[in-house]
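Numbers for residues simply follow the sequence, beginning at 1.
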Amino acid sequence: MNRYIIFSLFFFLYFQCAQLGLEKEKSSGSEGLYLLLGTSTSEGTPYVWDLPAGFPTPKVPSDNPITLEKVELGKFLFYDIRLSENETQSCGSCHKQENAFTDGQTVSLGSTGQSHPRNAQHISNVVYNLRQTWANPLLKKLEDQARVPMFGDNPVELGMKDREDLLLERLSNDPDYTSKFKAAFPSDQNPFSILNITKALSSFQRTFISGNSAYDRYQAGDFTALSASAIRGKNLFFGERAECFHCHGGFNFTDTILHTGTVFEEVTFHNNGLDSSRFVSPNGGLYEFTFQESDRGKFRAPSLRNVDLTAPYMHDGSIPDLLSVINHYVNGGSGDGTNNPNRDVFVRSFSLSESEKQDLVEFLKSLTDTEFTTNPKFQDPF
């Protein structure tokens with residue numbers, strides 16, 4: 001009797017949701033039924049983390065457990081130009097492996113040629129990001145971030161807004177994807193859905209672990225891994241003169257981290273003293289979400305992993321190279337940014353000799369992980 005009532009309740013809710021348009025994703029209701037009845041579903045082959053020494057276990061959303069099948073599907077989707085309306089760009093167009101998954105451009109160009117207002121962030125160790133993109137305090141999950149380039153229209157990136165059915169048709173007509181989607185989402189009667197696309201893309205990106213740079217080898221006991229100059233730069237970086245470590249500390253060289261051991265999620269954004277002309281909307285940073293002038297020009301501190309490969313720098317790509325970045329901070333900012341009341345307390349002028357600046361550059365270069373940027377696991381499969 002109880003089982004009959006539960007079944008009746010499920011089908012009532014299912015058809016009510018369909019009438020309200022909540023069945024948009026075109027996925028089967030079977031998973032919800034299994035959950036309602038307390039029955040587990042098969043999700044595929046669990047992905048086993050192979051983490052560098054000192055790296056904590058990543059925190060993965062409970063509604064998208066990472067599996068080998070999802071990672072494999074996500075790899076193909078990441079590099080597939082059919083994810084753009086005009087079939088000219090993929091995620092990999094703006095996130096190139098050789099550049100630690102950025103594109104080397106001042107700002108990125110979308111599939112229609114429209115310029116993005118911001119520089120494409122690298123996505124090394126993106127699984128540890130507490131927030132996604134440069135300044136959105138609401139964008140927590142990679143699954144949600146994946147929808148932005150696909151369906152956003154200001155700016156247009158992949159240009160798929162209101163073309164969801166076209167995207168699903170393209171993919172479902174490909175026999176290779178038929179098998180890959182079924183393997184990745186075995187519980188779904190029809191696994192082709194926007195939700196599953198974002199789950200697979202996110203699973204692939206979560207595997208982008210980088211932790212085998214010269215610096216890492218030095219920390220592991222190979223004292224030949226760093227040059228004398230890089231060691232001096234390391235001491236400056238972690239010392240109280242340069243104070244770089246305050247915003248770029250820890251194993252991932254940033255100050256906002258999420259993993260299974262995270263107790264308190266501290267979200268921080270910083271104004272780093274750029275000239276105020278760099279913070280005009282839509283590049284107001286956190287201000288674009290809070291509308292508080294005290295938040296204008298505040299952005300998330302990116303990880304410095306592979307930083308030598310990710311020029312140009314800052315949210316708008318306005319600083320061309322590492323030495324120029326160091327000069328910016330030595331000066332306490334640029335233009336009127338040196339007097340900006342929003343400027344972070346750790347951005348203040350200090351003195352470095354030219355040789356010390358070069359030492360810092362050498363240390364930053366030592367964060368490059370060439371194993372990561374050449375790893376076949378992440379390469380374009382097409």
Side-chain angles (χ1 to χ4, degrees), residues 83-86 88-91 93-95 99 101-123 126 129-163 198 247 254-256 267-303 310-320 324-325 328 333-344 347:
L83 264 65
S84 62
E85 193 277 336
N86 60 12
T88 62
Q89 284 192 350
S90 68
C91 305
S93 299
C94 294
H95 298 284
N99 296 113
F101 293 99
T102 183
D103 61 1
Q105 304 299 312
T106 301
V107 294
S108 297
L109 292 178
S111 59
T112 63
Q114 183 178 359
S115 294
H116 198 292
R118 283 170 293 284
N119 179 264
Q121 288 192 320
H122 77 88
I123 47 179
V126 69
N129 282 1
L130 186 57
R131 292 295 185 272
Q132 309 304 325
T133 74
W134 279 101
N136 190 335
L138 308 175
L139 203 52
K140 300 179 181 181
K141 295 168 59 178
L142 283 169
E143 288 81 358
D144 297 327
Q145 186 279 329
R147 294 175 180 262
V148 176
M150 282 194 289
F151 306 117
D153 61 355
N154 187 25
V156 173
E157 295 180 70
L158 297 177
M160 276 296 186
K161 182 180 180 182
D162 299 326
R163 307 303 300 274
T198 65
C247 297
T254 183
D255 60 352
T256 53
V267 184
T268 57
F269 300 90
H270 309 275
N271 181 308
N272 64 357
L274 286 172
D275 189 83
S276 60
S277 64
R278 299 296 177 182
F279 303 140
V280 176
S281 293
N283 275 335
L286 187 61
Y287 168 83
E288 304 292 342
F289 301 90
T290 67
F291 303 107
Q292 300 293 317
E293 279 298 328
S294 59
D295 288 331
R296 187 178 289 279
K298 290 184 177 180
F299 294 88
R300 184 173 65 85
S303 167
T310 64
Y313 304 103
M314 307 303 173
H315 69 279
D316 58 353
S318 59
I319 299 186
S324 298
V325 171
H328 166 82
S334 304
D336 64 9
T338 59
N339 299 312
N340 192 318
N342 295 345
R343 186 184 64 164
D344 193 274
V347 180

Checklist line | Backbone N/O of Gly273 and side chain of Asn271: donor-acceptor pair under 3.5 Å | finding: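 A pair under 3.5 Å: yes.
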Item checked: Thr102 side chain to Ala120 backbone, donor-acceptor under 3.5 Å -> yes
[X] versus [Y], closest heavy-atom pair with distance:
| X | Y | result |
| --- | --- | --- |
| Cys91 | Leu83 | SG-CD2, 4.5 Å |
| Phe299 | Gly284 | CZ-C, 4.3 Å |
| Thr310 | His122 | CG2-CB, 3.7 Å |
| His328 | Ser334 | ND1-OG, 2.5 Å |
| Asp103 | Ser108 | OD2-OG, 2.7 Å |
| Asn119 | Trp134 | O-NE1, 2.8 Å |

Holding to side chain to side chain contact (heavy atoms under 4.5 Å, CB included), I want the full list of residues that pass it with [X], two or more places apart in sequence or in another chain.
| X | answer |
| --- | --- |
| Gln132 | Val126, Asn129, Leu139, Leu142, Gln145 |
| Pro117 | Pro155, Pro282, Asn283 |
| Val107 | Ser115 |
| Ser318 | Leu274, Arg278, Met314, Asp316 |

Within this structure, what is the [atom1]-[atom2] distance for the pair [X] and [Y], rounded to the nearest 0.5 Å?
| X | Y | atom1 | atom2 | answer |
| --- | --- | --- | --- | --- |
| Thr88 | Leu109 | OG1 | CG | 10.5 Å |
| Phe291 | Leu286 | CZ | CG | 10.5 Å |
| Glu85 | Leu158 | CD | CG | 11.0 Å |
| Thr256 | Phe269 | OG1 | CZ | 7.5 Å |
| Cys94 | Glu157 | SG | CD | 7.0 Å |
| Ser324 | Ile319 | OG | CD1 | 7.0 Å |

Checklist line | Chi angles and distances behind the side chain to side chain contact (heavy atoms under 4.5 Å, CB included) call for Gln114, Asn154 | finding: CA-CA 9 Å; Gln114 183 178 359; Asn154 187 25; 4.2 Å; yes
Partners meeting side chain to side chain donor-acceptor pair (under 3.5 Å) with [X] (sequence neighbours left out):
| X | answer |
| --- | --- |
| Glu293 | Arg296 |
| Asp295 | Thr290 |
| Gln89 | none |
| His270 | Asp255, Asp344 |

Item checked: salt bridge (charged side-chain N to carboxylate O under 4.0 Å, His left out) involving Asp336 - partner list, sequence neighbours excluded -> none
Next item on the list: For Phe279, enumerate each residue passing the ring-ring contact (aromatic ring centres under 6.0 Å, His included) test, keeping only those at least two apart in sequence or located in another chain.
Entry: His315
Check: Which residue pairs satisfy the salt bridge (charged side-chain N to carboxylate O under 4.0 Å, His left out) criterion with at least one member in residues 133-144, sequence neighbours excluded?
Finding: Asp63-Lys141, Glu143-Arg206
Notebook entry, point to check: Are Tyr287 and Ser281 side-chain neighbours, meaning at least one heavy-atom pair lies under 4.5 Å?
Noted result: yes
Note to self: Just by distance, no angles: are the side chains of Thr133 and Gln121 close enough, under 3.5 Å, to form a donor-acceptor pair?
What the structure shows: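 The answer is no; no qualifying pair exists.
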